[in-house]
Amino acid sequence: MFKFTAKALACALSLTIAGMAQAAEPIVIKFSHVVAEHTPKGQGALLFKKLAEERLGDKVKVEVYPNSSLFGDGKEMEALLLGDVQLIAPSLAKFEHYTKQIQVFDLPFLFKDMAALDRFQQSAEGQALLKSMEDKNITGLGYWHNGLKQLSANKPLREPKDARGLKFRVQPSAVLEEQFKAVRANPRKMSFAEVYQGLQTGVVNGAENPYSNIYSQKMHEVQKYITESNHGALDYMLITNTKFWNGLPEDVRGELDKIIVEVTAEVNKQAGALNDDAKQRIIDAKTSEIITLTPEQRDMWRDAMKPVWAKFEGEIGADLIKAADAANQ
Ligand code: LMR
């Protein structure tokens, strides 16, 4: 009898110790992304790590994997759903398999500037999109800015006809494919990590990205011309695995939620300056010419690309497009 009790006690004790050891293990949050560190998203990921580890001490360990070093953009969403990473911030052009509504962000010439885009993101409709994929186990935690996209190519693009027949790399977005087809160019989907080589070897002749991505991926070294078209936005949704997030201890989740609000504000405040800085560095590098469009030329691009809206109205919803457009006022 005694023997049994002692054994049971020892067993219970060892279980308790194991439990304590387990409780002391930090929660590991892997944050994977595809861009360089000196970009809005790269800086945001590092700031999140810093604040989370400072404020949550041993409870949380954040591992940041930049530059597609853990998962490229073709795999990161799958990895999030499998629990192999806990935070990612794909561009809003990379969600069409999960919700068609988010395609609204890709419509060319929809937002007149980043302030309009921000207003839409903060509106009831924009906030609802953050929760629109929870049935697929994806929770949006916030919108992070990068900036407006510029067209780049190996020839000067001043009018839509200049793009005719050129091969443009696009993100995996049906809207962006149609945008280039609208100017009779050939879109080609390609992951972000492959763009530099694609441009260098001539697999594609042009691309579109904000200055921060163009500079940090050295695209300006393999593109002779950059047209400051500001024809669309490249922003991000910071997302997590819903089950993982809801399963976090309440105190940890509460603190992380607060940190994310803070980091989001900081990313969105700094994004413009990071893009301006990248533009200046491109000018200084003298490898490519930046083309400024006249208002008439810009109107030509807008007129050529805007019919794309109607093609996606059914999938996105006319009301949502209207709400986004209303943010311009
Ligand atoms: C791209 O694929 O061009 C961008 O989405 C990369 C990024 O994350 O900024």
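Numbering of ligands and ligand atoms starts at 1, following listing order.
Gln171 OE1, 2.7 Å is the protein heavy atom nearest to atom 5 (O) of ligand 1.
Of the candidates Tyr143, Tyr236, Phe95, Tyr143 is the only one forming a ring pair (Phe, Tyr, Trp, His ring centres under 6.0 Å) with Phe105.
Using a 4.0 Å cut-off between heavy atoms, Val195 makes no contact with ligand 1 at all. Contacts of Thr39 with ligand 1, taken as heavy-atom pairs under 4.0 Å, are absent altogether. Contacts between Arg169 and ligand 1, counted as non-hydrogen atom pairs separated by less than 4.0 Å, involve the side chain only.
Residue Asp73 has at least one heavy-atom neighbour below 4.0 Å for each of these atoms of ligand 1: 2 (O). Each of the following atoms of ligand 1 lies closer than 4.0 Å to a heavy atom of Ser91: 5 (O). Atoms of ligand 1 lying under 4.0 Å from any heavy atom of Leu234, numbered from 1 in the order shown and given with element: 4 (C), 9 (O). Which parts of ligand 1 touch Asn209 is read off a 4.0 Å heavy-atom cut-off, strictly below it: atoms 3 (O).
No side-chain donor-acceptor contact under 3.5 Å links Asp276 and Gln280. Using modelled atom types, one finds no donor on one side chain facing an acceptor on the other under 3.5 Å when comparing Asn230 with Trp301. In the model, His231 has a side-chain atom that pairs as donor or acceptor with a side-chain atom of Glu208 under 3.5 Å. Residues Asp235 and Ser91 bring no donor and acceptor atom of their side chains to less than 3.5 Å of each other.
At least one heavy atom of Lys94 lies less than 4.0 angstrom from ligand 1. Note on ligand 1: Lys41 sits in its first shell, one or more heavy atoms being nearer than 4.0 Å.
Here CE of Met237 is found 9.5 Å from CG of Leu141. Values are rounded to the nearest 0.5 Å.
Among Tyr236, Trp144, Phe192, the residue whose heavy atom lies nearest to atom 1 (C) of ligand 1 is Phe192.
Using a 30° and 60° split on the angle between ring planes, Trp144 and Phe31 fall in the tilted class, from 30° to 60°.
A distance-only check finds a donor-acceptor pair linking the side chain of Gln223 to the backbone of Asn205 [under 3.5 Å].
Close N/O approach between Asn213 and ligand 1 is found [any backbone or side-chain N/O within under 3.5 Å].
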